[in-house]
Q: 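Sharing a structure here in structure tokens format.
Counting begins at 1 with the first residue of the sequence. Note that the structure is predicted; figures quoted are calculated from it, not measured.
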Amino acid sequence: MKKLFAVALFSLLFSTAAFSQSKMGGMSMKDKPQPTEKDKTEAIPSKGVLKRGAPIGNSKKVSLAKLLTNPQKFADRSVRTSGVIVRSCKAMGCWLEITPMGGSGSVRVATKDHAFFIPLNSAGANATVEGMLKVKNLSAAEVKHMMEDDGAKFDKVNADGSVTEISFEATGVELKRKN
């Protein structure tokens with residue numbers, strides 16, 4: 001009888017937690033869109049572009065070097081910028097990191113709402129991205145996690161291990177291979 005009560009209690013608690021998460025807008029990885037095989041493997045053309053997400057629109061075009069120099073000026077604004085992909089997510093293609101052509105520094109670009117994906121072999125391609133520039137403080141624990149799990153690199157780590165991160169939430173991406 002005690003076992004039956006324990007199983008019933010566990011089931012009730014588990015289903016209540018799952019119901020609360022779905023009602024509160026929480027989304028597990030299995031609920032988020034998943035990349036197709038085509039998303040992961042499609043070739044990036046050297047002539048023309050591979051488009052993912054929403055079409056690139058009329059947001060103000062700003063050089064990536066300028067965004068990196070003065071991110072506060074463009075924070076929380078929709079902008080369009082371009083750079084070279086130095087690395088990307090190797091599991092799903094849900095983020096990329098771009099650097100200015102011939103410049104230094106980089107910005108991590110996440111796909112908005114995890115709604116679209118880029119090919120897993122995108123490193124070295126040119127990317128034009130449109131979306132919202134974000135400037136946020138990452139705790140030492142977040143920095144450690146990103147460095148260990150994603151191989152993230154940060155130019156300036158504060159004495160307490162935290163980082164002020166410049167990131168980008170892309171609504172659309174256009175990729176092209178270098179000629």
Q: Do other residues, nucleotides or ligands put more than 12 heavy atoms under 6.0 Å from the NZ atom of K90?
A: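 Buried by this count: over 12 neighbours within 6.0 Å.
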Q: Could you tell me whether the side chain of R87 reaches within less than 4.5 Å of the side chain of W95, counting heavy atoms only?
A: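 A side-chain contact under 4.5 Å exists here.
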Q: First locate atom CG of L133, then atom CZ of R80, and finally report the distance between them rounded to the nearest 0.5 Å.
A: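 One finds 15.0 Å between CG of L133 and CZ of R80.
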Q: Does any part of the side chain of L96, heavy atoms only, come nearer than 4.5 Å to the side chain of I118, both counted from C-beta?
A: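 Yes, at least one pair of side-chain atoms sits under 4.5 Å.
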Q: If we only count heavy atoms from C-beta on, is the K176 to T128 side-chain gap below 4.5 Å?
A: no
Q: Do the non-hydrogen side-chain atoms of V107 and I98 ever get within less than 4.5 Å of each other?
A: yes
Q: Answer with yes or no whether the hydrophobic clustering places L68 together with V129; edges join I, L, V, M, F, W, Y residues whose side-chain heavy atoms lie under 4.5 Å apart.
A: yes
Q: Would you say that I44 contacts P119 through its side chain, given a criterion of any heavy-atom pair below 4.5 Å between the two side chains?
A: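 Yes, side chains in contact.
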Q: Going by atom types only, do S122 and S88 share a side-chain donor-acceptor pair under 3.5 Å?
A: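 Side-chain D/A pair, S122 to S88: absent.
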Q: Assess whether side-chain hydrogen bond (donor to acceptor under 3.5 Å, both in side chains) is satisfied between S162 and S139, documenting all intermediate values.
A: CA-CA 5 Å; S162 67; S139 70; over 6 Å; no
Q: Using side-chain heavy atoms (C-beta onward) and a distance below 4.5 Å, is R177 in contact with K47?
A: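 No, too far: nothing below the 4.5 Å cut-off.
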Q: Look at the side chain of T99 and the backbone N and O of G105, then say whether any donor-acceptor pair between them is shorter than 3.5 Å.
A: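 Confirmed, T99 side chain pairs with G105 backbone.
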Q: Start with the C-alpha distance between R108 and E97, add both sets of side-chain angles, then the distance that settles salt bridge (charged side-chain N to carboxylate O under 4.0 Å, His left out), and finish with yes or no.
A: CA-CA 4 Å; R108 179 187 290 264; E97 185 176 335; 5.2 Å; no
Q: Between R77 and K73, which heavy-atom pair has the shortest distance, and what is it?
A: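 Scanning both residues completely, I find the closest heavy atoms to be NH1-O, 3.1 Å.
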Q: Testing the basics here: between A91 and K40, what is the closest heavy-atom pair and its distance to 0.1 Å?
A: O-CE, 3.8 Å
Q: What's the separation between atom CE in M147 and atom CG in L138, rounded to the nearest 0.5 Å?
A: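 Interatomic distance, M147 CE to L138 CG, rounded to 0.5 Å: 11.5 Å.
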Q: Under 3.5 Å, sequence neighbours excluded: what are the donor-acceptor pairs made by side chains of residues 51-66?
A:
residue, atom, partner, partner atom, Å
R52, NH1, D39, O, 3.3
R52, NH1, F117, O, 2.6
R52, NH2, E42, OE1, 2.7
S59, OG, S78, OG, 2.8
S59, OG, E130, OE2, 2.8
S63, OG, K66, N, 3.1

Q: Give a yes or no on whether F74 and V109 share a hydrophobic cluster (residues Ile, Leu, Val, Met, Phe, Trp, Tyr; joining criterion: side-chain heavy atoms under 4.5 Å apart).
A: yes
Q: Considering only heavy atoms from C-beta outward, does the side chain of T41 approach that of L120 to under 4.5 Å?
A: no
Q: Please answer: with hydrophobic residues joined when any side-chain heavy atoms are less than 4.5 Å apart, are M92 and L175 in the same cluster?
A: no
Q: Is T164 close to V135 at the side-chain level, that is, under 4.5 Å between some pair of heavy atoms?
A: yes
Q: Under 4.5 Å between side-chain heavy atoms, hopping through other hydrophobics if needed: is there a path connecting V79 to V173?
A: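 Hydrophobic grouping puts V79 with V173.
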Q: Who passes side chain to side chain contact (heavy atoms under 4.5 Å, CB included) against E169, sequence neighbours left out?
A: K112
Q: Is there a continuous path of hydrophobic side-chain contacts, each under 4.5 Å between heavy atoms, that joins I166 to V163?
A: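 No, no single cluster joins them.
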